Protein chains: 2
Amino acid sequence: MNNPSLYKGILRPIVIRLLEENGRMYGFEITQKVKAITNGKVKITEGALYPLLHSLEAEGILEAEQEFVDNRMRKYYKLTSKGKKVSKHSFGEITEFVLHLQNIFNLKLA
Amino acid sequence: MNNPSLYKGILRPIVIRLLEENGRMYGFEITQKVKAITNGKVKITEGALYPLLHSLEAEGILEAEQEFVDNRMRKYYKLTSKGKKVSKHSFGEITEFVLHLQNIFNLKLA
DNA sequence: TTGCATACCTAAGATTCTTATGTATATTTG
DNA sequence: CAAATATACATAAGAATCTTAGGTATGCAA
């Protein structure tokens with residue numbers, strides 16, 4: 001991405017939102033999904049993603065299960081019931097955040 | 001603000017944008033302006049703002065001049081010509097950032 | 001067989017913030 | 001009039017969140 005520091009603090013809500021919308025995803029899939037949505041502009045680094053997934057699991061927001069596909073390990077994550085509550089709250093925060101940005105920067109978007 | 005970590009990395013473009021729109025502001029004024037725009041939700045901390053203003057000045061993006069009003073010191077900042085170029089670039093990045101957020105979070109905003 | 005894609009992981013360091021504290025003056029309130 | 005609140009600047013220690021750089025391993029294409 002152009003300015004990585006803009007995305008500091010955003011990764012956690014991104015992961016939670018993607019899991020809410022897609023039900024079940026593995027780490028590598030999340031990086032590809034974000035890249036696809038943003039036309040290759042936003043690249044989540046593995047050094048940020050994997051530790052985050054582990055801490056979300058430790059917090060009881062996500063639960064994981066491993067599978068082997070084509071002899072390669074995949075660790076699928078999904079929201080727990082606690083995670084679904086957190087997700088609703090997180091989404092509200094993000095919505096407000098974006099509205100604030102539109103006001104502060106006087107953005108006129110489609 | 002609700003979730004301060006969302007705003008990590010955003011303060012710098014906020015300051016630049018406000019100075020572009022208002023021409024000339026002092027630190028305390030910037031904190032009040034952001035609070036006003038966001039209905040009291042977003043509070044810029046002084047511990048983040050003042051060091052940032054100093055480093056923007058050191059980078060040649062801002063220039064400062066002191067004044068005394070009611071026997072109290074004010075340090076006014078404005079964009080340099082370099083700062084104005086940086087501002088254009090920064091604004092483009094923020095616009096793209098917000099569009100990405102809308103896509104990632106599937107936001108339907110006014 | 002070399003490189004690229006997939007798929008996981010961790011550790012050191014950088015960046016950006018919060019929290020806490022300090023200085024000083026002006027105004028409001030009990 | 002004393003105390004609290006608002007204005008206005010500043011710095012330092014520590015927390016949070018990321019990047020960079022490295023590691024392991026499999027499958028496929030050139």
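Just so you know, these numbers use all the heavy atoms, side chains as well, and skip hydrogens, waters and symmetry mates. Just so it is clear, the structure is predicted and the values come from calculations on it, not from any experiment. Residue numbers start from 1 in every chain, and the chains themselves are labelled A, B, ... in the order their sequence lines are given, proteins ahead of strands.
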[X] near the nucleic acid: base, sugar-phosphate alone, or nothing, with a heavy-atom cut-off under 4.0 Å?
X	value
A/Gly47	base
B/Leu11	sugar-phosphate
B/Gly27	sugar-phosphate
A/Thr45	base

Nearest-Å distance for atom pair [atom1]/[atom2], residues [X] and [N]:
X	N	atom1	atom2	value
A/Ile10	D/dC18	CD1	C1'	12 Å
B/Leu53	D/dT11	CG	C1'	14 Å
A/Glu46	D/dA25	CD	P	16 Å
B/Glu29	D/dA6	CD	P	18 Å
A/Ile30	C/dC9	CD1	C1'	15 Å
A/Tyr7	C/dT15	OH	P	20 Å
A/Lys33	C/dA7	NZ	C1'	19 Å
A/Ile44	D/dT20	CD1	P	15 Å

Query raised in the report: Pick one: which of A/Ile61, A/Leu53, A/Ile30 meets side chain to side chain contact (heavy atoms under 4.5 Å, CB included) with A/Tyr77?
Result: A/Leu53
In plain terms, say whether [X] and [Y] are close enough for a salt bridge, that is, a side-chain N and a carboxylate O under 4.0 Å apart.
X	Y	answer
A/Lys88	A/Glu20	no
B/Glu67	B/Arg24	yes
A/Lys82	A/Glu63	no

The side chain of [X] is closest to which nucleotide in this list: [options]?
X	options	result
B/Arg72	C/dC17, D/dA8, D/dG27	D/dA8
B/Met73	D/dT26, D/dC9, C/dA7	D/dC9
B/His54	D/dA10, D/dA8, C/dT10	D/dA10
A/Lys75	C/dC8, C/dT19, D/dC18	C/dC8
A/Tyr50	D/dT7, D/dC18, C/dC9	C/dC9

Please state whether the phosphate of [N], meaning OP1 or OP2, lies under 4.0 angstrom from any side-chain nitrogen or oxygen of [X].
X	N	result
B/Asn71	C/dA24	no
B/Tyr26	D/dC9	no
B/Ser5	D/dA16	no

Query raised in the report: Between A/Ile37 and B/Ile104, what is the shortest heavy-atom contact and its length?
Result: CG2-N, 3.9 Å
Report summary line: Result for 5'-nearest mapping on DNA chain D, choosing between B/Gln66 and A/Ala48, is B/Gln66
Query - A/Asp70 or A/Lys43, whichever maps to the more 5' nucleotide of DNA chain D - result: A/Lys43
Report summary line: Closest to the 5' end of DNA chain C, once A/Pro51 and A/Arg74 are matched to their nearest nucleotides, is A/Arg74
Query - Close side-chain approach of B/Arg17 and B/Glu21, heavy atoms under 4.5 Å - result: yes
Report task. Mark yes or no for a side-chain to base donor-acceptor pair under 3.5 Å between A/Lys8 and C/dT15, with no hydrogen or angle criteria applied. Result -> yes
